[in-house]
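Every chain is numbered from 1 and lettered A, B, ... according to where its sequence line falls, protein lines coming before strand lines. As a basis for the values below, the full set of heavy atoms in this structure was taken, side chains included, without hydrogen atoms, waters or symmetry mates.
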Amino acid sequence: MSPDDFTASHWYAIGRFADFPEGLSRPLRLLSQDIVAVRQGKDVKVTRADGRPCMVQARYGHVWTTLMDKPRALYDMPEFLEEGRRLVTAGAIGVLCSGLRAVENFLDMAHFPFVHTGILGIEEHPEVEKYDVSMDAERDEIWATKCCFFQPMAAATATGGQITEYKYRVPHPYSTILYKTCPIREGAWDLIGLFIQPTEEDACIAHSFVLVFDESNSDTSLLHFQQNIFLQDRMILENQVPRKLPIDPRWEMPTRADASSIAYRRWLKANGVVWGTAKLAEAA
Amino acid sequence: MDSVVSFAGWMPAGLQNAAETGTSVRAVIFEDDIAIWRGQDGLARAWQNRCPHRGMRLSYGIVRENRLTCLYHGWTYDGTGGCAHIPAHPDLVPPKSIRAKAYGCVETGGMIWVARSESSEPPPQISGTWMPCRTMQVNRSLTGLAEVLGTGKANLALAMGAWAGQLRVAGLQGAVLLAVQPMGARGAMLHACVTGPEDLTRASDWIESLRGHLERPIAA
Ligand code: FES
Ligand SMILES: [Fe+2]
């Protein structure tokens, strides 16, 4: 199946600049199509199977490409221009599920006590308080705010648990950014984000980053923390049935804690997203 | 006793000891993905391997007493499949409509048998005492017990539908109860039970050689 227009109209991260060694052609998949990326000096060139070039841009620590000649603009993340932040990128991790499932998992707090036990949550504090979900109509993106959750290790320096506040942003069907209260800077937010490269309808590569005010942890420890969390998520993602995202509300049963997932599915549906979703007929 | 076992009816889903008390395991029958779990009450349950919440395989679930807790968000189901607890909303009484989809599940002949809930066939009843011996995965799809009988040194003593039967195997004192669990493109499982411990080793060797026969490329 070829991607619907909305899915096809976006830019997709395909790796970091350093992931493309000079002169070496790397065959890649994007939206069920073969593409080839090769570094030439300061640029990465991307071509389709038939040799036609794709547009490329470097942003947010990654190389982005698109299969459209007139793609939508890539969303802005003004935080990348702020002084004093550190960017750590975690590299590419392949996951056997629709990238839409991976985004939805990222928006979900209710799994913290069960999947990230002792790190992002504990079983004694599983409650998800009501939070706000809104659509930014102008930028066509979703925000979940006032998300509060009990976290046993709020920061590397903290002892004992505390309620941590989060915000989530979905500016793109395959991108999501978490804003987490910064433990060392009053009023500031640390960012953790996921750029998904959907390779097939039911397979993807996750590129992730951390953009934080942090002077105490090394890049390596930030990286390991992120990778550890994501590998726990991958075990879940590869065992959700079906691998594509069901967006028909009759199929999977949400509760109030899933308000962001409900909004995400509705937003995908309203934008005509079909590629990567499961049809009800496949449910039997 | 000639229990009819067909896809529409009861299918072998594993040896009884594959689902130990307090555990949940996965069984695939054709395209059906099934979680089989055993509570502290000793009862085995077979459910569609998909949590009604967000589709997580329930074979990864955690058994506590006679309830199954999904690994993803901790939704907890009672022994009949009804959702009893949603941790994200501890004060909420889960609506009755949230239910794991149950299969029929019985244990007889040392094996676990499942049927789709809409099946009206009576469950198999296998007389005698059977001891679980061994399960073997075969990397080839099988259409029934008959296909297995064409190979190996075994004679059918008592057919029990298309997927199971009692066999006489050379060198064994008692009979072997052999069941084929088809898994579509994933191949098949062979499950064997014996009548007593004296046959365990030989039957185990025999089923291994049977797999060898079945996986051998057919000579042109
Ligand atoms: S998927 Fe099972 S509890 Fe959420
Ligand atoms: Fe997670």
Aromatic plane relationship, A/W143 with A/Y179 - under 30° parallel, 30 to 60° tilted, over 60° perpendicular: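 Aromatic pair A/Y179/A/W143 classed tilted.
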
Side chain / backbone / both / neither for A/E238 at chain B, heavy atoms under 4.5 Å: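 Answer is backbone: N, CA, C or O of A/E238 sit under 4.5 Å from chain B.
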
Which atoms of A/R101 are under 4.5 Å from chain B, going by heavy atoms: the side chain, the backbone, both sets, or neither?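 Contact with chain B involves the side chain of A/R101 alone.
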
Any salt bridge between B/D33 and B/R50, counting N to O under 4.0 Å?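 The answer is no: the pair does not qualify as a salt bridge.
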
Does B/R116 come within less than 4.0 Å of B/D32, counting only side-chain N to carboxylate O?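 Judged by the 4.0 Å cut-off on N to carboxylate O distance, B/R116 and B/D32 do form a salt bridge.
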
Per-residue contact mode, B/Y72 against chain A (heavy atom under 4.5 angstrom):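 It is both, since atoms from each part get that close.
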
Residue by residue, which of residues 195-209 of chain A have a heavy atom closer than 4.5 Å to a heavy atom belonging to chain B?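 Heavy-atom contacts from residues 195-209 of chain A to chain B are absent.
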
May I ask you to list the residues in residues 88-97 of chain A that approach chain B closer than 4.5 angstrom, counting heavy atoms only, ordered by number?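 At a heavy-atom separation under 4.5 Å, chain B is reached by no residue of residues 88-97 of chain A.
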
Can you see whether [X] engages [Y] through a side-chain donor-acceptor pair at a distance of less than 3.5 angstrom?
{"X": "A/W267", "Y": "A/D140", "result": "yes"}
{"X": "B/R64", "Y": "B/T76", "result": "no"}
{"X": "A/S175", "Y": "A/Y75", "result": "yes"}
{"X": "A/D233", "Y": "A/H116", "result": "yes"}

Using a 3.5 Å distance criterion without hydrogens, assess whether the side chain of A/D132 forms a donor-acceptor pair with backbone atoms of A/K146.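 No, because the side chain of A/D132 does not come within donor-acceptor range (under 3.5 Å) of the backbone of A/K146.
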
Taking B/R26 for the side chain and B/N49 for the main chain, is one N or O donor matched with an acceptor at less than 3.5 Å?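 No.
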
Close side-chain approach of A/S260 and A/D108, heavy atoms under 4.5 Å: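 A/S260 vs A/D108: side chains apart.
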
Working to the nearest 0.5 Å, report the span between CZ of B/R134 and CG of B/D205.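 Those atoms lie 7.5 Å apart.
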
Where A/I142 and A/A263 come nearest, the two heavy atoms and their spacing: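 For A/I142 versus A/A263, the nearest heavy atoms are CD1-O, 3.8 Å.
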
For chain B, which candidate among A/N239, A/D258, A/N105 shows the most heavy-atom pairs at distances under 4.5 Å?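 Option with the greatest count: A/N239.
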
Could you have a look at A/M109, A/E104, A/E127 and say which one has the most heavy-atom pairs with chain B under 4.5 angstrom?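 So the answer, after comparing A/M109, A/E104, A/E127, is A/E127.
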
Hey, which residues of residues 82-97 of chain B are touching chain A, say heavy atoms under 4.5 Å apart?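 Residues in range: B/I86, B/P87, B/A88, B/H89, B/P90, B/S97.
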
Does A/D5 CG have over 12 foreign heavy atoms under 6.0 Å away?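 No, not enclosed.
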
With sequence neighbours excluded, tell me which residues meet side chain to side chain donor-acceptor pair (under 3.5 Å) with B/Y77.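 For B/Y77 there are no side chain to side chain donor-acceptor pair (under 3.5 Å) partners, ignoring immediate neighbours.
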
Can A/H172 and A/Y12 be said to form a ring-ring contact (aromatic ring centres under 6.0 Å, His included), step by step? CA-CA 10 Å; A/H172 177 297; A/Y12 290 96; 5.2 Å; yes

